[in-house]
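Everything below concerns the one structure shown next.
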Amino acid sequence: QVQVVESGGGLVQAGGSLRLSCAASGRYFSSCAMGWFRQDPGKEREFVAGISSRSTTTSYADSVKGRFTISRDNAKNTVYLQMNSLKPEDTAVYYCAGRRTFMISTTREEYDYWGQGTQVTVSS
């Protein structure tokens, strides 16, 4: 079992940056692929970025490519999402998720562990 807790959200102006962190507990973290998703009220939860268990593979939604970077530190049981050049349309609750395999998935239903989310608000 892996439990995850997000932090680092907040209010930022358009063009600014934020770094989200996801602290995981559980002995199997280093075997889990991890992902970040986001959800706006009234919308589906969407994939943002994913990273394989050993950081060999990453994947990004087209809307964030070139602006966001996902990384992980298995020694610290932590996943990060560096968000640069933020836009108002990036405003959402951001969720960290893990799955019991080394491979990334962009599909929400294929993730087994979820955090409570952290709010990111980008003002214009």
Side-chain angles (χ1 to χ4, degrees):
Q1 187 78 1
V2 174
Q3 295 179 322
V4 296
V5 178
E6 306 93 338
S7 62
L11 173 64
V12 64
Q13 287 189 331
S17 298
L18 280 176
R19 188 174 82 154
L20 304 184
S21 297
C22 171
S25 63
R27 57 194 294 181
Y28 301 113
F29 172 78
S30 61
S31 300
C32 294
M34 301 297 294
W36 286 96
F37 288 74
R38 66 186 182 188
Q39 188 170 20
D40 233 356
K43 294 185 179 179
E44 294 286 318
R45 190 171 298 188
E46 64 175 5
F47 173 79
V48 175
I51 188 166
S52 60
S53 61
R54 300 297 178 96
S55 303
T56 53
T57 308
T58 57
S59 179
Y60 296 92
D62 288 342
S63 58
V64 307
K65 277 181 184 175
R67 300 187 298 122
F68 290 11
T69 302
I70 188 171
S71 62
R72 66 191 292 165
D73 185 340
N74 285 349
K76 295 182 178 180
N77 275 22
T78 304
V79 180
Y80 305 97
L81 185 67
Q82 178 66 44
M83 305 186 294
N84 299 328
S85 302
L86 282 160
K87 304 175 181 180
E89 50 263 45
D90 295 318
T91 295
V93 177
Y94 283 71
Y95 296 89
C96 178
R99 59 190 308 246
R100 291 188 294 257
T101 178
F102 66 94
M103 291 188 298
I104 299 171
S105 172
T106 61
T107 304
R108 178 186 61 187
E109 290 77 11
E110 293 186 353
Y111 282 79
D112 305 295
Y113 314 115
W114 290 89
Q116 294 300 306
T118 185
Q119 176 70 47
V120 171
T121 303
V122 184
S123 63
S124 56

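Model, not experiment: these values are computed from the prediction.
The closest side-chain heavy-atom distance from Val48 to Met83 is not below 4.5 Å. A 4.5 Å side-chain heavy-atom check between Tyr60 and Ile70 finds at least one atom pair inside the cut-off. Proximity of Leu11 to Gln119: side-chain heavy atoms (C-beta onward) are nowhere separated by under 4.5 Å. Side-chain contact between Leu20 and Val120 is present, with at least one heavy-atom pair separated by less than 4.5 Å. Ser21 is not listed as a side-chain neighbour of Lys76, based on a closest heavy-atom distance of 4.5 Å or more.
Considering all non-hydrogen atoms of both residues, Val4 and Cys22 come closest at CB-SG, 3.6 Å. In this structure, Glu110 and Ser105 approach most closely via the heavy-atom pair OE1-OG, 2.6 Å. The heavy-atom pair separating Ala14 from Ser124 by the smallest distance is CB-CA, 4.3 Å. Of all the heavy atoms in Glu6 and Gln116, the pair that sits closest is OE1-N, 3.1 Å. Scanning all heavy atoms of the two residues, the minimum distance from Ser59 to Thr106 falls at OG-CG2, 4.0 Å. Between Ala92 and Gln39 the shortest heavy-atom distance is CB-O, 3.5 Å.
Here Thr58 contributes atom OG1 and Arg72 contributes atom CZ; the two are 12.0 Å apart, rounded to the nearest 0.5 Å. Here Ser31 contributes atom OG and Arg100 contributes atom CZ; the two are 12.0 Å apart, rounded to the nearest 0.5 Å. The distance from atom CZ of Arg99 to atom OG of Ser53, rounded to the nearest 0.5 Å, is 11.0 Å. Atom OG1 of Thr57 and atom CD1 of Ile51 lie 9.0 Å apart (nearest 0.5 Å). Note that CG of Asn84 is 3.5 Å distant from OG of Ser17, once rounded to the nearest 0.5 Å.
Here the side chain of Asn77 pairs no donor or acceptor atom with the backbone of Ser25 at under 3.5 angstrom.
Side-chain heavy atoms closer than 4.5 Å link hydrophobic residues (I, L, V, M, F, W, Y) into clusters, and following such links, possibly through other members, connects Leu81 to Val122. Hydrophobic clustering, with ILVMFWY side chains joined whenever heavy atoms are under 4.5 angstrom apart, keeps Leu18 apart from Tyr95. Under the 4.5 Å side-chain heavy-atom criterion for grouping Ile, Leu, Val, Met, Phe, Trp and Tyr, Val12 is connected to Val64 within one hydrophobic cluster. Tracing side-chain contacts under 4.5 Å through hydrophobic residues (I, L, V, M, F, W, Y), one reaches Met34 starting from Tyr94; they form part of the same cluster.
Ion pair Lys87/Asp90 not flagged as a salt bridge, since none of the NZ, NE, NH1 or NH2 atoms sits closer than 4.0 Å to an Asp/Glu carboxylate oxygen.
The ring pair (Phe, Tyr, Trp, His ring centres under 6.0 Å) contacts involving residues 6-52 comprise Phe37-Phe47, Phe37-Tyr111, Phe37-Trp114, where partners must be two or more places apart or lie in separate chains.
When the shell of 6.0 Å around CD of Glu89 is examined, it contains more than 12 heavy atoms from other residues, nucleotides or ligands.
Cluster partners of Met103, by chain and number: Phe102. The rule joins Ile, Leu, Val, Met, Phe, Trp and Tyr whenever side-chain heavy atoms lie under 4.5 Å apart.
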